[in-house]
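Notes for the one structure printed next.
The analysis underlying the following values was restricted to heavy atoms, covering all of them including side chains, and did not include hydrogens, waters or symmetry mates.
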Amino acid sequence: MFEGEELRQAAMMVKSGAVAAFGGMVGYLVDVTHGQKAFSWYGYGVFILTAFFVGQILDSWLPSDMPGRGGLLMVAGTTAYPVLQVLRSRTIALIEKAR
C-alpha cells in the first residue's frame, strides 16, 4: 500500500493541516468568547475543516525549513475564512490574467 517515503509525505501533509486546524479551533473559540458569534457545532466543524484546507494550501507554498512555519500555519488557521477569500480572489485574478 504505502511505502516509507510516501507514508512520511502523507503524515507531513496531515500534520500541516492539523496544525492549521488547531489554530482554527482557537480562532473560532476566541470569536465565541468575545461575542462575535454564537457557538454552533456545525459552524465549529466547518471552520476547522476550512482551517485544515488553508493549512494544506499553505503547506505546499511555504519552505519546509522556514523558521516559525508551524506558528504561521496556526495563525492562518485562526483566520481561515479571510485567508481563503484572499487566496481565492488572487487565484481568480491570475486565471483571468492568463486568458
Co-membership, hydrophobic cluster, residues [X] and [Y], 4.5 Å side-chain:
| X | Y | result |
| --- | --- | --- |
| F22 | V30 | yes |
| F52 | L58 | no |
| F39 | M25 | yes |
| L73 | V83 | yes |
| V14 | I48 | no |

Contact check, side chains of L84 and I57, non-hydrogen atoms, under 4.5 Å: yes

Less than 4.5 Å apart, side chain to side chain, heavy atoms only: is that true for L72 and M66?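 Yes, at least one pair of side-chain atoms sits under 4.5 Å.
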
Distance-minimising heavy-atom pair for [X] and [Y]:
| X | Y | value |
| --- | --- | --- |
| V32 | A38 | CG2-C, 4.3 Å |
| T50 | A80 | CG2-CB, 3.9 Å |
| A20 | A51 | CB-O, 3.2 Å |

Side chain to side chain contact (heavy atoms under 4.5 Å, CB included) partners of [X], counting only residues at least two apart:
| X | value |
| --- | --- |
| R88 | Q85, I92 |
| P67 | none |
| T78 | V75 |
| T91 | I95 |

Taking only residues at least two apart or on different chains, which pairs with a member in residues 53-99 satisfy ring pair (Phe, Tyr, Trp, His ring centres under 6.0 Å)? F47-Y81

Can you pull the salt bridge (charged side-chain N to carboxylate O under 4.0 Å, His left out) pairs that have at least one residue in residues 48-74, sequence neighbours excluded?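 Qualifying pairs, neighbours excluded: D59-R69.
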
Assess whether a salt bridge exists between E96 and R99, defined as any Lys/Arg side-chain N lying under 4.0 Å from an Asp/Glu carboxylate O. no

Parallel, tilted or perpendicular: ring planes of Y44 versus Y28, cut at 30 and 60 degrees: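 Because their plane-to-plane angle lies in the 30° to 60° range, the rings of Y44 and Y28 count as tilted.
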
With rounding to the nearest 0.5 angstrom, report the NZ to CZ distance, K15 to R8.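 Separation between the atoms: 10.5 Å.
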
